[in-house]
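Computed from heavy atoms alone, side chains included, the values below leave out hydrogens, waters and symmetry copies. The chain is numbered in sequence order, starting from 1.
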Amino acid sequence: MSAGKSSSSMTSHAESDKVTKQHVAVPLLEGAHSSVDALTFRDVATIGGIECHVLLPGPHPAHVMTGGRHLQPPYDEHHERDPNWPDTDWGYIHDPGSVTIQAVGLILVQPLGWGEKLIDFDHAVGQWRHLLRDWLSVIAEGPTDFLELPVRGETRWAEKGYTNEVWSNYYDNLQWPQRVSGWQWEHVLAHIRTGDQPPLARVLLTTAKRAAATGNSRLAVIDAATAAEVALTSGLTDRLSTEASSQVAQMLIERTRMLGPRLDLAKDLGMALPDRIRADLVDRRNAVIHRGAAVTDADAHAAITAAGNLVDEYEPLAAHCREPSRPSAPVPSPPSDGWDDEPPF
């Protein structure tokens, strides 16, 4: 009898130890289109002074090879199902090569008590996931989710064939975001772990792309122009530092506070500039700022292209942030008879 009680007590104690490993789901601010080699990745992070294990979702064993719908919660350390995760949308599978991750998991190394520490940790996670979104978009060189509107069309029809036709049309013209690989996830989390901020010009360029994709063309132009000014300022600083003292270089930059005058200074110094930078970016930015002018989608994309060329010239993505090599994945096609429910995006 005592042996039975002892066994029961040991089982209860083991279950209690497992429960103390608190599991936290963190929905991402923007889904991350990723390659399947990122699934089940594990890393460590300190968030708000709390040491955590960071885990990416797992594939559904029955569906990963057939493009099944939903990702599963992260696996445990034995690569088995872990029942301790809260319910959330972890993401979905597009095809055998790519998924969209919608949430990541955190396992706290030490249990977190109730009250003020819990709220502080929640706020810290909010800052951490903003950094995660910005770093992922920087390393992917653009938004990591399907943002084009309307993604599934504007209308729903009682006749299913009509709805499928609308969905198929938008799906055929959908711009797939760059996949984030397992190497890139690891690299991003390493930057965040060491407290690195993502390069501002490239973050702003992504916000411009995100604004254009969601129909906010004027904001896209403003953010693109700001990205260009940040990158150009960096380029001017580097160039002037080779020709004048740091004090003179700083004086010249401060004297030219706007994008237009700084472009004039760059031109006088013989620096490379995009051919249509004034017409496509500076003039449109000024029209929006000073007159509240309307901007077409084409205008916004032209401004982003001009800004992107300038950012690539003077604030390129660091070489160590580029994965040495990675194969490209095929883009999936919709079934010939249409989607049964919704297209997988």
Exercise for the section: Find out whether Gln72 and Trp90 are in side-chain contact, i.e. whether some heavy atom of one side chain is under 4.5 Å from a heavy atom of the other. Expected result: no
Practice task
Step through the shown structure and confirm whether more than 12 heavy atoms of other residues, nucleotides or ligands are within 6.0 Å of CD on Glu116.
Solution key: no
Practice task
I would like to know whether Phe41 and Asp43 meet side chain to side chain contact (heavy atoms under 4.5 Å, CB included); could you show each step before the answer?
Solution key: CA-CA 7 Å; Phe41 175 75; Asp43 203 353; 3.6 Å; yes
Exercise for the section: Anything under 30° is parallel, anything over 60° is perpendicular, the rest tilted; go ahead and classify Trp176 against His94. Expected result: perpendicular
Problem - Heavy-atom closest contact (Gly182 atom, Ser35 atom, distance) - result: N-OG, 3.9 Å
Exercise for the section: Would you confirm whether Thr46, through its side chain, and Glu51, through its main-chain N or O, come within 3.5 Å as a donor-acceptor pair? Expected result: no
Exercise for the section: Group every Ile, Leu, Val, Met, Phe, Trp and Tyr by side-chain heavy-atom contacts under 4.5 Å, then state whether Leu28 and Phe121 land in the same group. Expected result: yes
Practice task
Check whether any side-chain heavy atom of Asp82 lies under 4.5 Å from a side-chain heavy atom of Tyr75, and answer yes or no.
Solution key: no
Fill in the blank from the handout: Of all heavy-atom pairs linking Leu281 and Ala228, the shortest is CD2-CB, 3.6 Å
Exercise for the section: Run the salt-bridge test on Asp280 and Arg285 with the 4.0 Å N-O cut-off and return the result as yes or no. Expected result: no
Exercise for the section: Find the distance between CG (Leu71) and OH (Tyr92) and round it off to the nearest 0.5 Å. Expected result: 9.5 Å
Exercise for the section: Please answer whether the main-chain N or O of Gly142 pairs with a side-chain N or O of Ser137 as donor and acceptor at a distance below 3.5 Å. Expected result: no
Exercise for the section: Report the C-alpha separation of His70 and Ile93 in whole Å, then their side-chain angles, then the decisive distance to 0.1 Å, and conclude whether the side chain to side chain contact (heavy atoms under 4.5 Å, CB included) test is met. Expected result: CA-CA 6 Å; His70 297 291; Ile93 300 167; over 6 Å; no
Handout entry: Aromatic ring pairing Trp183/His187, orientation class (parallel under 30°, perpendicular over 60°, tilted between)
Key = parallel
Practice task
Given side-chain hydrogen bond (donor to acceptor under 3.5 Å, both in side chains), test Thr214 with Asn216 step by step and report yes or no.
Solution key: CA-CA 6 Å; Thr214 53; Asn216 198 337; over 6 Å; no
Practice task
Check whether any side-chain N or O of Lys209 sits under 3.5 Å from a backbone N or O of His301 as a donor-acceptor pair, and report yes or no.
Solution key: no
Practice task
Consider only side-chain heavy atoms of I, L, V, M, F, W and Y, link residues closer than 4.5 Å, and tell whether Val311 and Leu204 are in one cluster.
Solution key: no
Handout entry: Exam field: side chain Arg239 to backbone Leu269, donor-acceptor pair closer than 3.5 Å
Key = yes
Practice task
Could you check if a side-chain atom of Ser34 sits within less than 4.5 angstrom of a side-chain atom of Arg179, using non-hydrogen atoms only?
Solution key: no
Problem - Enclosure of Asp268 CG (heavy-atom neighbours >12, cutoff 6.0 Å) - result: yes
Practice task
Step through the shown structure and confirm whether more than 12 heavy atoms of other residues, nucleotides or ligands are within 6.0 Å of CZ on Arg193.
Solution key: yes
Problem - Interatomic spacing from OG1 in Thr155 to CH2 in Trp167 - rounded to 0.5 Å - result: 10.5 Å
Problem - Hphob cluster co-occupancy, Leu259 + Leu219, side-chain heavy atoms under 4.5 angstrom - result: no
Practice task
Answer yes or no: is there a side-chain heavy-atom contact under 4.5 Å between Leu55 and Val104?
Solution key: no
Problem - Heavy-atom closest pair, residues Gly113 and Leu118 - result: O-CB, 3.8 Å
Handout entry: Val248 side chain near Leu240 side chain, heavy-atom distance below 4.5 Å
Key = no
Problem - Asp76 side chain vs Glu80 backbone, donor-acceptor pair below 3.5 Å - result: yes
Problem - Salt bridge present between Glu229 and Arg262 (N-O < 4.0 angstrom) - result: yes
Handout entry: Side-chain (Arg276) to main-chain (Ala306) donor-acceptor, under 3.5 angstrom
Key = no
Exercise for the section: State, with a plain yes or no, whether a side-chain heavy atom of Leu263 is found less than 4.5 Å away from one of Met271. Expected result: no
Practice task
List the steps and the verdict of side chain to side chain contact (heavy atoms under 4.5 Å, CB included) for Val36 and Ser98.
Solution key: CA-CA 5 Å; Val36 293; Ser98 67; 5.8 Å; no
Practice task
Determine, using the 4.5 Å side-chain heavy-atom cutoff (strictly less than), whether Val203 and Val221 are members of one ILVMFWY cluster.
Solution key: no
Handout entry: Interatomic spacing from CD in Gln197 to CG in Leu131 - rounded to 0.5 Å
Key = 5.0 Å
Fill in the blank from the handout: Minimal heavy-atom distance between Trp128 and Leu106, with the atoms involved, is CH2-CD2, 4.4 Å
Handout entry: Side-chain (His130) to main-chain (Gly126) donor-acceptor, under 3.5 angstrom
Key = yes
Completion exercise
Shortest non-hydrogen pair, Asp297 vs Ser217, comes out as OD1-OG, 3.2 Å
Handout entry: SB check Asp264 Arg278 (cutoff 4.0 Å)
Key = yes
Problem - Trace of the side chain to side chain contact (heavy atoms under 4.5 Å, CB included) decision for Cys321 with His191 - result: CA-CA 10 Å; Cys321 289; His191 270 299; 3.5 Å; yes
Practice task
Mind listing the closest non-hydrogen atom pair of Pro59 and Thr40 along with its distance?
Solution key: CD-CG2, 4.0 Å
Practice task
Taking the six-membered ring for Trp and the single ring otherwise, decide whether the centroids of His23 and His53 are under 6.0 Å apart.
Solution key: no
Practice task
Rounded to the nearest 0.5 Å, what's the gap from CG on Leu56 to CD1 on Ile101? Could you check?
Solution key: 4.5 Å
Problem - Test item: Leu112 and Gln22 side chains (from C-beta on) under 4.5 Å apart, heavy atoms - result: yes
Practice task
Tell me whether Val180 is reachable from Leu29 by hopping between hydrophobic residues (I, L, V, M, F, W, Y) whose side-chain heavy atoms are closer than 4.5 Å.
Solution key: no
Handout entry: Rounded distance (nearest 0.5 Å) linking atom CZ of Arg42 with atom CG of Leu189
Key = 13.0 Å
Exercise for the section: Using modelled atom types only, decide if a donor and an acceptor are shared between the side chain of Trp85 and the backbone of Pro74 within a distance under 3.5 Å. Expected result: yes
Practice task
Drop me the distance from Arg322's CZ to Gln184's CD, to the nearest 0.5 angstrom.
Solution key: 10.0 Å
Exercise for the section: Answer yes or no: is there a donor N or O on one side and an acceptor on the other, between the side chain of Ser234 and the main chain of Val230, under 3.5 Å? Expected result: no
Handout entry: side-chain hydrogen bond (donor to acceptor under 3.5 Å, both in side chains) between Asp238 and Ser241, worked out
Key = CA-CA 5 Å; Asp238 291 343; Ser241 66; 5.1 Å; no
Practice task
Report the C-alpha distance between Gln178 and Thr144 in whole Å, list the side-chain angles of each, state the deciding distance to 0.1 Å, and finish with yes or no for side-chain hydrogen bond (donor to acceptor under 3.5 Å, both in side chains).
Solution key: CA-CA 7 Å; Gln178 178 67 43; Thr144 58; over 6 Å; no
Handout entry: 4.5 Å side-chain heavy-atom contact, Leu132 and Trp185
Key = yes
